[in-house]
Amino acid sequence: MNPRVAPGRLAALFDGGPKVIILPGVAAPEALALPGLASWVLAADGGLHPLGAAAEGPGIPLPAAPGQALAIVAPEAAAAAALLGWWRDAAPAALPPVIEAGSGAAALPAIAAAALGALAASAAEGMAAQQGLAALRQEHEALRVSQAALRRAAAQLQPPAVPLLVASVEPSPEGHAVAAQAGRLAIGQALGVKLEGLASIALHLREALAGAEAVLRVRLYGAESGRIAGAWVLPGRSLAAGWLTLDLPEPVGPLRETAWLEVKAELGGFDRLALSLGAEPVAPGHAASVAGGGGEGRALACGLWTAMPGRRLVQSPHWDGEAIGLPAPPTGATAELPQQVWNAARMPEGRVERVAIGHQPARLVAALAPGEQALVVLPAVPLNGLDLLRAELAVALGDAAWLEAALWLQPEGTTIGAAAELSTVAPGARWSGWHAGVFGDGTCRLALALPPDPPRRAVVALVLRNAATGPEEVLRVEVARLSGTRAAQPPPESARRAPPPLRILPAAPAEAPVAAAVRLLERFLVPGGSYRHIDLLMEGVRAGAHAWPRLRCKLAVNGAVPSLEFRQRPDWPVLFETWPAGPSDAAGPYIQITEAKLAGGFAASLKGERDRATLAAILRLLPAVVATAARDATTDPEEYERWIASARQMAAAVTLVEKAG
């Protein structure tokens, strides 16, 4: 016979715990329902199911014999012959004994003896494994001592090894480069070699003008494991145009992983930084992958040197030794905060309590009356390998539209007694800006970008406030999760970037224009701030009887004058059925609309009623779209408010469009 089991019970049968198999004919088998012992009943049709559980049909044949079976309980030995025959073929070394017993109670003494025997055998196996582990550790320490002695001897007997250039990409004579946009730069680059033996890396800076606020971080990863093999953190004032050479203290050991370079920078408002690209386009897997687009299918201009491990020891400037070996979270994977971080949380302001349901860990729940706010402080949050902190709040009572929340990063050791004490000017301090709680699923999600050189630990504060004014508009908000992600560029096997995350817009009245989602495609800032724009994509737009799958526009601010820009290009959705007369540049026809142009009768020049409805829908949606997308464009609260003010200024001119219709 071949026993069968329901697929959903395979995991329980093969969990490795002690178990007995009870055959038909054993009276009162419930006496074998003992703590720590799994009792399984073999039905007449060959189906196995737990004692006390209903049978779920014959199921599927067992792929192997279950482990840790103490015994087979049968009314007589002959009844177990068929099962023993199958077991002998499946696992002859683990054949369980047969206990003849007419009832469960009668089988207990023999089962106790079998359990004691299994316990003694398990203890012996554990002791043997412990002895083997101790021997392995001793051998490992002996090998480390021998290796250290060999390196000391080699350093005395032979001169340091000269690094060997193994790969290089010369800077493009035409000046192709990747420049920081809006004060940020993030590049991923497959180096095309293995980590083993790498001793030095050089990057070419096309332009470097950076002050005290700027930081450049370079990390060398093993692409397969994600572990850091090299790390440098350079202050902005140490950067200069030309070749930047980064030495490892010693060549990388025998790691046969793919070398992957990650470059991240954060600059001040007037700083400039650009990394040179190679002269020729390369295959996609070898091209630089740039956050926000760019790279033109070219690789970073770089040089790579190798040397024999142990034969080259240098004192490397700007070396970040504490990062070496850290298992960086996989790109895009969520790293949850451990429970001990939540246990250390302080609630100095507002009504916040810990609530646990069943055996689940306690969660923080805040009760907010209208106009009231609450403060949750986590005094020591680990930030190793993270680039982004995310908080998720769930509104358990009240309307999510009343909720406003902000996430703060403060220096480690800071004592915070009230929200008024939170600072944006302290070293390393940041905040996410105020996020509204209006989301389709009743949750509020916040994101806080970390600096390229974050501290190992920091204070994280979460501020909640109820913006409602009615006396009965009470909120109850649960801190569902706080997690981190590594927002690095993709690994070298693919240079394709995933699109930025969709932002879900709040619900709107049926008669108002509405968009299902909005995405920030680009942000651009001219040094000095004379011109800036954000490129916006709206999806699933509808207004009255009209609907558009996608609409796109740029909100630009030139000096203090806001404008909307539309383009007639293959990569833009069709905005107007009849394209208005206007200028053209190298990228194709475009239209720039300002308040003055709308006041001058531009809407009346549009040929069709649908074209005017398109323009009106974009203008009406603009404040909500910008308020949503600008969260991905900046973490500066003042810049965030300036974007919203520009959007509102343009939206106020929608009446000029509607009157023209």
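This structure is a prediction, so every number in the text was calculated from the model and none was measured. Just the heavy atoms: all of them, side chains too, but no hydrogens, waters or symmetry mates, feed the values below. Starting from 1, each residue takes its place in the sequence as its number.
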Practice problem: Identify which one of Val479, Val477, Val355 satisfies the side chain to side chain contact (heavy atoms under 4.5 Å, CB included) criterion when paired with Val365. | Solution: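 For Val365, the side chain to side chain contact (heavy atoms under 4.5 Å, CB included) test succeeds with only one of Val479, Val477, Val355, which is Val355.
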Quiz item: side chain to side chain contact (heavy atoms under 4.5 Å, CB included) with Trp408: which of Val459, Leu448, Thr424, Leu462?
Solution: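 Testing each of Val459, Leu448, Thr424, Leu462 against Trp408, the sole residue satisfying side chain to side chain contact (heavy atoms under 4.5 Å, CB included) is Thr424.
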Given 3.5 Å as the limit, does a donor-acceptor pair link the side chain of [X] with the main chain of [Y], or not?
X: Glu478; Y: Leu364; answer: no
X: Asn466; Y: Glu473; answer: yes
X: Ser646; Y: Arg642; answer: yes
X: Glu641; Y: Pro637; answer: no
X: Asp320; Y: Ala231; answer: no
X: Glu372; Y: Leu368; answer: no
X: Thr414; Y: Gln410; answer: no
X: Tyr640; Y: Ala627; answer: yes

Side chains of [X] and [Y]: closer than 4.5 Å at any heavy-atom pair?
X: Val557; Y: Gln649; result: no
X: Leu275; Y: Leu185; result: yes
X: Trp548; Y: Thr614; result: yes
X: Pro379; Y: Glu412; result: no
X: Val381; Y: Leu409; result: no
X: Leu615; Y: Ile593; result: yes
X: Gln189; Y: Ser289; result: no
X: Leu393; Y: Leu403; result: yes

Which value, rounded to the nearest 0.5 Å, describes the distance between [X] atom [atom1] and [Y] atom [atom2]?
X: Lys554; Y: Gln592; atom1: NZ; atom2: CD; result: 9.5 Å
X: Leu383; Y: Leu388; atom1: CG; atom2: CG; result: 11.5 Å
X: Cys553; Y: Met650; atom1: SG; atom2: CE; result: 9.0 Å
X: Glu522; Y: Leu536; atom1: CD; atom2: CG; result: 10.5 Å
X: Leu482; Y: Leu407; atom1: CG; atom2: CG; result: 6.0 Å
X: Glu539; Y: Arg552; atom1: CD; atom2: CZ; result: 11.5 Å

Exercise. Report the C-alpha separation of Glu639 and Arg523 in whole Å, then their side-chain angles, then the decisive distance to 0.1 Å, and conclude whether the salt bridge (Lys or Arg N to Asp or Glu O under 4.0 Å) test is met.
Key: CA-CA 12 Å; Glu639 184 182 352; Arg523 55 182 177 270; over 6 Å; no
Could you report the tightest heavy-atom contact between [X] and [Y], atom names first, then the distance?
X: Ser423; Y: Ala429; result: O-CB, 3.3 Å
X: Ala369; Y: Arg351; result: N-NH2, 3.4 Å
X: Leu205; Y: Ala240; result: CD1-O, 3.4 Å
X: Val263; Y: Leu216; result: CG1-CD1, 3.7 Å
X: Val341; Y: Ala380; result: CG2-O, 4.2 Å
X: Ala418; Y: Leu375; result: C-CD2, 3.5 Å

Practice problem: Could you label the plane-to-plane angle of the Trp260 and Tyr221 rings as parallel, tilted or perpendicular, counting under 30° as parallel and over 60° as perpendicular? | Solution: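 Plane angle between 30° and 60°, so tilted.
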Quiz item: Should the pair Phe566 and Phe576 be assigned to parallel (<30°), tilted (30 to 60°) or perpendicular (>60°) ring geometry?
Solution: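 Answer is perpendicular, since the angle exceeds 60°.
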Quiz item: Would you call Glu262 and Arg217 a salt bridge, using N to O less than 4.0 angstrom?
Solution: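 Looking at Glu262 and Arg217, the cut-off is met.
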Quiz item: Salt bridge between Arg567 and Asp585, side-chain N to carboxylate O under 4.0 Å?
Solution: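 Between Asp585 and Arg567 there is a salt bridge, with a charged N closer than 4.0 Å to a carboxylate O.
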Quiz item: For Trp434, is the NZ or CZ atom of Arg465 found under 6.0 angstrom from the centre of its six-membered ring and inside 45 degrees of the ring axis?
Solution: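 So Arg465 does make the cation-pi contact.
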Does [X] have more than 12 heavy atoms from other residues, nucleotides or ligands lying within 6.0 Å of its [atom1]?
X: Arg620; atom1: CZ; value: no
X: Tyr531; atom1: OH; value: yes
X: Arg237; atom1: CZ; value: no

Exercise. Tell me, please, which residues at least two apart from Tyr590 pass ring-ring contact (aromatic ring centres under 6.0 Å, His included).
Key: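 With sequence neighbours excluded, Tyr590 shows a ring-ring contact (aromatic ring centres under 6.0 Å, His included) to no residue whatsoever.
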Exercise. Before giving the answer on side chain to side chain contact (heavy atoms under 4.5 Å, CB included), spell out for Ser563 and Lys597 the whole-Å C-alpha distance, their side-chain angles and the decisive distance to 0.1 Å.
Key: CA-CA 10 Å; Ser563 64; Lys597 192 166 185 176; over 6 Å; no
Practice problem: Test His435 against Glu404 for side chain to side chain donor-acceptor pair (under 3.5 Å), laying out the working first. | Solution: CA-CA 6 Å; His435 288 239; Glu404 293 180 341; over 6 Å; no
Quiz item: Just checking, any donor-acceptor pair under 3.5 angstrom between side chains of Thr634 and Trp643?
Solution: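 No, no side-chain donor-acceptor pair sits under 3.5 Å.
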Quiz item: Side chains of Glu565 and His533: is there a donor and an acceptor less than 3.5 Å apart?
Solution: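 Looking only at side-chain atoms, His533 and Glu565 do not form any donor-acceptor pair under 3.5 Å.
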Practice problem: Walk me through it: do Val526 and Arg532 pass the test side chain to side chain contact (heavy atoms under 4.5 Å, CB included)? | Solution: CA-CA 6 Å; Val526 171; Arg532 64 185 189 276; over 6 Å; no
Quiz item: Can you list the steps and then say if Val626 with Leu555 is a side chain to side chain contact (heavy atoms under 4.5 Å, CB included)?
Solution: CA-CA 9 Å; Val626 171; Leu555 174 61; 3.8 Å; yes
Self-check item: Criterion side chain to side chain contact (heavy atoms under 4.5 Å, CB included) on Trp319 and Ile324, from CA distance to verdict
Solution: CA-CA 10 Å; Trp319 179 253; Ile324 303 306; 3.4 Å; yes
